[in-house]
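Comments concern the structure below.
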2 protein chains.
Amino acid sequence: MENKMALNNQLCFSIYNANRLFGRFYQQILAPYQLTYTQYLVLLALWENDQRTLHDLGRELHLASNTLTSLLKRMETAGWLVRLRPEKDRRQLIVQLTEKGKTAQDQIERDLSQCVSENNLDPTKYQQLLADNEKLIAALRGIVDK
Amino acid sequence: MENKMALNNQLCFSIYNANRLFGRFYQQILAPYQLTYTQYLVLLALWENDQRTLHDLGRELHLASNTLTSLLKRMETAGWLVRLRPEKDRRQLIVQLTEKGKTAQDQIERDLSQCVSENNLDPTKYQQLLADNEKLIAALRGIVDK
DNA sequence: ATTGATTCAATCTTATTCGATTGATTGCGA
DNA sequence: TCGCAATCAATCGAATAAGATTGAATCAAT
């Protein structure tokens with residue numbers, strides 16, 4: 001090991017690059033849908049649990065209203081979802097998928113699995129890296145979350 | 001495995017979260033220096049090789065002028081570096097650390113190693129995760145780079 | 001030497017992130 | 001009920017990212 005502080009020995013830099021590359025990877029797949037990477041993450045969350053509040057969505061994505069408000073407005077304009085004010089508490093905002101948002105799931109998952117199989121990504125390594133990353137995240141959360 | 005497409009089974013989401021947490025982690029350490037995470041990456045690159053062109057810096061950081069130009073201008077304003085037009089090719093931009101930029105290295109590295117040791121991050125796991133992540137990056141580059 | 005292609009940083013626009021504040025709405029205690 | 005605290009989404013400002021274009025400077029081939 002030459003230099004411990006060298007850029008290429010920094011895990012943060014490695015994660016930084018991996019994140020940007022995932023962005024480009026999904027951009028290729030999502031281009032036909034005019035969806036961004038973050039917007040796709042919102043759809044993933046809604047495909048699991050539809051009709052939830054901005055607050056609840058933000059809890060899963062670790063995003064607050066400063067990011068989500070404009071993100072969701074753009075997705076509403078694009079027709080993926082609708083934003084509703086519930087009568088019982090008009091401070092809240094309910095996010096609900098449209099038909100377009102619901103039906104896109106099948107096609108996008110097909111596009112993705114095709115791309116993954118074409119590129120021979122090893123499922124075992126994928127799961128191992130995911131598990132290790134989650135441990136890192138837990139450690140980081142222990143440090144940064146007050 | 002319940003749902004392969006669930007948000008929490010997505011490696012991209014795990015990387016996305018890890019990246020944001022690293023941002024917050026470094027933000028804590030870098031706050032006294034008024035440096036952002038990305039600006040710290042620029043300093044790391046310059047501590048290894050000072051006096052290089054924007055182009056060369058961008059090759060290592062995988063960033064182009066659209067991101068680097070304003071980033072470097074802010075860092076020049078803050079006194080970390082100077083931006084110079086070389087006589088021999090005035091299209092280029094040379095980036096050079098100031099004394100402030102050079103001398104900050106020791107203190108920041110001390111702050112970092114202290115924070116790492118306080119939080120018992122395992123160096124072996126760190127290296128393993130780094131190596132695995134680099135493999136992922138290589139695979140992703142194979143897909144997204146034309 | 002002049003034109004035409006190439007190489008650069010800079011600029012512009014759009015989309016996140018995120019700390020901080022604002023303002024509307026609700027709930028709760030006196 | 002009256003007022004204060006708490007809870008929300010929305011807004012604001014700054015800093016990345018990144019595709020696309022621009023314009024200056026250089027190089028190459030006539």
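A, B, ... follow the sequence lines: proteins, then strands. Residue 1 opens every chain.
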Quiz item: cation-pi between Lys102(A) and Trp47(A), 6.0 Å / 45°: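 No, a cation-pi geometry is absent between Lys102(A) and Trp47(A).
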Closest non-hydrogen atom pair, Leu7(A) against Ala45(B):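 The pair with the smallest heavy-atom distance is CD2-CB, 3.9 Å.
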Pairwise 5' ranking along DNA chain C for Pro86(A) and Leu71(A), keeping only the more 5' one: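 Result: Leu71(A).
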Residue closer to the 5' end of DNA chain C, Ser65(A) versus Tyr16(B) (nearest nucleotide): Tyr16(B)
Side chain Gln96(A), main chain Val82(A), donor-acceptor under 3.5 Å: no
Backbone of Met5(A) reached by a side-chain donor or acceptor of Asn9(A) within 3.5 Å: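 Not at all, since once roles are kept as given, no pair shorter than 3.5 Å links the two residues.
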Nearest-nucleotide pick for Arg20(A), side chain only, options being dA18(D), dT16(D), dC8(D):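 Selected nucleotide: dA18(D).
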Nearest whole angstrom, please: distance from the [atom2] of [N] to the [atom1] of [X].
| X | N | atom1 | atom2 | value |
| --- | --- | --- | --- | --- |
| Leu21(A) | dA18(D) | CG | C1' | 13 Å |
| Ile94(A) | dA9(D) | CD1 | C1' | 12 Å |
| Arg85(B) | dA24(D) | CZ | C1' | 10 Å |
| Tyr26(A) | dA17(D) | OH | C1' | 19 Å |
| Arg52(A) | dA9(D) | CZ | C1' | 17 Å |
| Leu35(B) | dA14(D) | CG | P | 18 Å |
| Met75(B) | dA14(D) | CE | C1' | 16 Å |
| Arg91(B) | dG23(D) | CZ | C1' | 12 Å |

Reported CG-to-CG distance for the pair Leu61(A) and Leu68(A), which is rounded to 0.5 angstrom: 6.5 Å
Using a 4.0 Å heavy-atom cut-off, does [X] contact any base of the nucleic acid, only the sugar-phosphate backbone, or nothing at all?
| X | result |
| --- | --- |
| Asp89(B) | sugar-phosphate |
| Leu68(B) | nothing |
| Thr38(A) | sugar-phosphate |
| Thr67(A) | base |

Residue mapping more 5' on DNA chain D - nearest nucleotide basis, Gln92(A) or Arg74(B): Gln92(A)
Position toward the 5' end of DNA chain D (nearest nucleotide), Tyr37(B) or Thr69(A):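 Comparing both residues, the 5'-ward one is Thr69(A).
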Aromatic plane relationship, Tyr16(A) with Tyr37(B) - under 30° parallel, 30 to 60° tilted, over 60° perpendicular: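 It falls in the perpendicular class, over 60°.
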Nucleotide paired to dT30(D) in any strand shown, Watson-Crick or G-U, under 3.5 Å: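 In the structure as shown, dT30(D) has dA1(C) as its Watson-Crick or wobble partner.
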Test item: Leu129(A) and Leu129(B) side chains (from C-beta on) under 4.5 Å apart, heavy atoms: yes
Start and end of the DNA chain C segment that chain A contacts, any atom under 4.0 Å from a heavy atom: dA15(C) to dT26(C)
Presence of Thr36(B) side-chain N/O under 4.0 Å of dT16(D) phosphate oxygens OP1/OP2: yes
Any Lys73(A) side-chain nitrogen or oxygen under 4.0 Å from OP1 or OP2 of dT11(D): yes
Lys125(B) NZ: over 12 foreign heavy atoms closer than 6.0 Å: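 Check fails, neighbour count at 12 or below.
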